[in-house]
Amino acid sequence: MKKLITLLLLGVTLTASAQKHTCDKGKACANCENPYKHYTQSLPFVMPEVSAPKFPDRQVNLKDFGAVGDGITLNTEAFAKAIGQLSSQGGGRLLVPAGVWFTGPIELKSNINLHLEVGAVILFSGDDRLYSIIKTSFEGLETRRCQSPLSANGCENIAITGRGVIDGNGQCWRPVKKSKMTAGQWKEVLTRPGGVKVRDDYWVPSQGYADAEKNADMNVVKANSEAEWNNYKRFLRPVMISLVNCKNVLLQGVIFQNSPAWNIHPLMCENIIIDNVLARNPAYAQNGDALDLESCKNALIVNSKFDAGDDGICIKSGKDKDGRLRGRPCENVVVDGCTVFAGHGGFVVGSEMSGGVRNILVENCQFLGTDVGLRFKSTRGRGGIVENIFIRDISMTDIKTDAITFNMYYGGKSVAEMLADGDNPDNTTKMPVTEETPIFRNIDIQDIVCNGAGRAMEFNGLPEMPIKGINLKNIVIKAKKDATFTNAEDITKENINIIVE
């Protein structure tokens with residue numbers, strides 16, 4: 001605890017990455033062979049070792065396939081040709097040199113390392129005609145959306161590495177709320193061609209978007225013809241990085257920014273490493289989550305930074321019946337040495353957790369200015385079990401609402417929006433316990449320092465299924481309001497110091 005307080009006062013950034021390991025020169029050791037090995041040692045649960053994918057010693061340059069990095073020339077075909085040739089040869093590295101490489105969607109294949117040199121920017125086009133409408137999953141539900149700017153499906157041994165930038169041109173896709181912007185930003189938005197001011201305080205990028213939103217249910221829209229689907233394209237804004245059913249994945253060093261919807265979305269992937277990346281979106285970005293790890297197994301999220309318009313690091317496993325039918329929990333995840341600058345939550349579980357979440361370790365992290373620090377959310381109808389979560393050595397400052405929150409009445413709003421709207425759910429009336437009842441249990445939270453929060457903690461469980469088995473230990477929180485506990489059982493508290501301002 002003393003160590004945590006010292007770090008907070010000195011403003012020292014905690015880093016826990018592959019670079020931590022050192023050994024005597026010339027002396028062989030297992031950790032040198034796999035610098036990520038130490039993350040899976042001495043865990044409070046059993047998790048196999050995770051290592052980075054390896055690629056053939058082969059490299060091609062994007063420029064050799066006719067690409068022009070002038071920010072104007074469309075390079076979709078050049079990317080496809082380069083990836084196709086590398087794949088036919090057994091894989092290797094696709095080098096993207098310095099320049100602005102304007103392009104339509106890119107589809108990775110197995111054994112490909114997309115490597116961005118310093119000064120390289122992959123800028124995706126905002127022309128929705130380039131993005132096919134596909135069957136996919138969004139916010140945990142099976143639906144149709146536009147294909148993602150960068151995707152891989154069913155691949156093994158893939159990577160996005162280097163020191164460049166991937167930009168999703170998200171301003172062409174996202175709606176915006178006036179209340180989340182400065183006066184100057186709002187004025188600029190109103191000048192964008194094709195946009196529609198639906199209300200005095202709400203703008204959408206096209207009339208088709210406005211039409212789709214009228215009959216949408218939580219971002220899932222229904223259409224009666226292909227023509228109608230195409231009219232709705234702007235509403236069907238995709239996640240920027242979509243990795244589905246992939247195995248052995250590495251994201252390292254790259255900046256991922258300005259996504260149409262979620263930024264990075266690994267779905268049903270296994271053996272994934274996210275190391276030293278920056279995922280960022282404007283603070284006003286609707287559905288602008290930085291990272292959503294969904295129904296994945298054996299994942300390391302280390303030494304990375306997140307700055308988002310929605311949740312920062314979020315763990316999911318599908319929504320309601322669709323998630324329960326998928327039946328794939330998000331499990332065996334280590335989050336270590338990460339920083340979240342802004343967003344609805346620093347580390348988040350839910351609200352789409354219907355397939356279950358288990359065996360998660362979060363440690364050595366900093367949340368600076370997020371709406372909530374540690375955020376657990378769900379609602380009736382989800383089902384699923386969240387258990388065996390271990391959180392320790394977390395530093396927080398300037399948390400807008402709750403340092404720690406468990407909310408089983410999530411309705412699509414941030415905590416700040418719920419408080420502003422005066423939401424007061426009925427937490428006394430019991431409902432029958434069914435497969436649709438979410439369960440949160442066996443969660444260990446210790447060695448936490450929070451300097452500044454709206455409220456220390458909020459536990460708001462269901463009367464028919466209280467939050468159970470939470471261990472709170474060595475926690476110091478300075479907040480405007482004390483902690484509240486409703487429908488919470490077997491809560492162990494040791495060395496808790498809440499300073500109400």
Side-chain angles (χ1 to χ4, degrees), residues 123-128 139 146 149 165-214 216 218-219 233-240 255-264 278-292 305-312 314 339-346 348 367-372 375 397-401 411-423 452 454:
L123 175 62
F124 287 101
S125 172
D127 184 352
D128 61 24
E139 293 194 333
C146 287
V165 176
I166 295 178
D167 189 304
N169 225 335
Q171 70 275 6
C172 298
W173 299 87
R174 294 188 302 261
V176 292
K177 295 178 180 178
K178 183 179 180 180
S179 61
K180 294 187 175 183
M181 310 185 82
T182 65
Q185 289 170 332
W186 180 250
K187 184 177 180 180
E188 185 276 325
V189 163
L190 297 181
T191 66
R192 295 178 188 172
V196 177
K197 190 166 74 167
V198 179
R199 302 186 302 267
D200 287 342
D201 62 347
Y202 186 57
W203 177 95
V204 298
S206 72
Q207 183 60 50
Y209 192 110
D211 295 341
E213 196 167 41
K214 290 176 183 177
M218 293 295 291
N219 287 323
K233 262 193 166 181
R234 288 290 179 198
F235 183 82
L236 305 175
R237 53 196 174 103
V239 301
M240 187 170 75
I255 296 172
F256 301 91
Q257 68 175 27
N258 202 17
S259 55
W262 294 349
N263 199 322
I264 303 171
L278 169 60
R280 60 192 292 263
N281 272 326
Y284 53 79
Q286 291 287 113
N287 309 110
D289 296 22
L291 170 65
D292 290 283
K305 297 177 177 63
F306 305 92
D307 193 359
D310 210 304
D311 289 328
C314 195
T339 301
V340 182
F341 292 104
H344 290 174
V348 182
F367 307 142
L368 311 175
T370 57
D371 286 357
V372 177
R375 187 184 190 194
T397 61
D398 190 27
I399 303 302
K400 304 298 188 296
T401 60
K413 298 179 182 179
S414 68
V415 175
E417 289 171 330
M418 292 174 61
L419 292 172
D421 294 342
D423 292 354

- Message: How long is the straight-line distance from CE of Met240 back to CG of Asp167, given to the nearest 0.5 Å?
- Response: 7.0 Å
- Message: Quick check for you: to the nearest 0.5 Å, what is the distance between Thr397 atom OG1 and Ile399 atom CD1?
- Response: 6.5 Å
- About how many Å separate CG of Asp307 and CD1 of Ile255, when rounded to the nearest 0.5 Å? 11.5 Å
- Message: Testing the basics here: between Ala290 and Asn263, what is the closest heavy-atom pair and its distance to 0.1 Å?
- Response: O-CB, 3.1 Å
- Note on the structure: Correct closest heavy-atom pair for Trp203 and Val189 would be CD2-CG1, 3.3 Å
- Message: Looking only at the side chains, is there a donor atom on one of His344 and Asp310 sitting less than 3.5 Å from an acceptor on the other?
- Response: yes
- Answer whether the closest heavy-atom distance between the side chains of Pro238 and Pro149 falls below 4.5 Å. yes
- Message: Would the distance check show the side chain of Arg237 and the main-chain N or O of Trp262 forming a donor-acceptor pair, the cut-off being under 3.5 Å?
- Response: no
- Query: Does Arg174 reach the main-chain N or O of Ala285 with its side chain, forming a donor-acceptor pair under 3.5 Å?
  - Reply: no
- Are Gln286 and Lys180 side-chain neighbours, meaning at least one heavy-atom pair lies under 4.5 Å? yes
- Task: Could you walk me through whether Phe367 and Val372 pass the side chain to side chain contact (heavy atoms under 4.5 Å, CB included) test, one step at a time?
- Result: CA-CA 9 Å; Phe367 307 142; Val372 177; over 6 Å; no
- Note on the structure: Scanning both residues in full, the closest heavy-atom pair of Tyr284 with Gln185 reads CE2-NE2, 3.7 Å
- Do Lys178 and Asp200 meet the salt-bridge criterion of a basic N to acidic O distance under 4.0 Å? no
- Query: Does Lys400 reach the main-chain N or O of Gly369 with its side chain, forming a donor-acceptor pair under 3.5 Å?
  - Reply: yes
- Query: Quick one: does Asn281's side chain have a donor or acceptor within less than 3.5 Å of a partner on Asn258's backbone?
  - Reply: yes
- Item | Val204 vs Arg234 side-chain heavy atoms within contact, under 4.5 Å | no
- Item | Sidechain-backbone polar pair: Thr401 side chain, Asp371 backbone, donor-acceptor under 3.5 Å | yes
- Query: Which one of Glu213, Lys177, Lys197 satisfies the side-chain hydrogen bond (donor to acceptor under 3.5 Å, both in side chains) criterion with Tyr202?
  - Reply: Glu213
- Side chain to side chain, Arg375 and Thr370, heavy atoms closer than 4.5 Å: no
- Considering non-hydrogen atoms only, spot the tightest contact between Asp311 and Gly345 and give its length. OD1-N, 3.3 Å
- Query: Any side-chain heavy atom of Trp173 sitting closer than 4.5 Å to one from Cys146?
  - Reply: yes
- Query: Of all heavy-atom pairs between Ala308 and Gly288, which one has the smallest distance, and what is that distance?
  - Reply: CB-O, 3.4 Å
- Considering all heavy atoms of both residues, which atom of Ala210 and which atom of Val198 are nearest to each other, and what is their separation? CB-CG2, 4.2 Å
- Message: For a 4.5 angstrom cut-off between non-hydrogen side-chain atoms, does Tyr209 reach Val196?
- Response: no
- Hey, are the side chains of Asp211 and Phe235 touching, using non-hydrogen atoms and a 4.5 Å cut-off? no
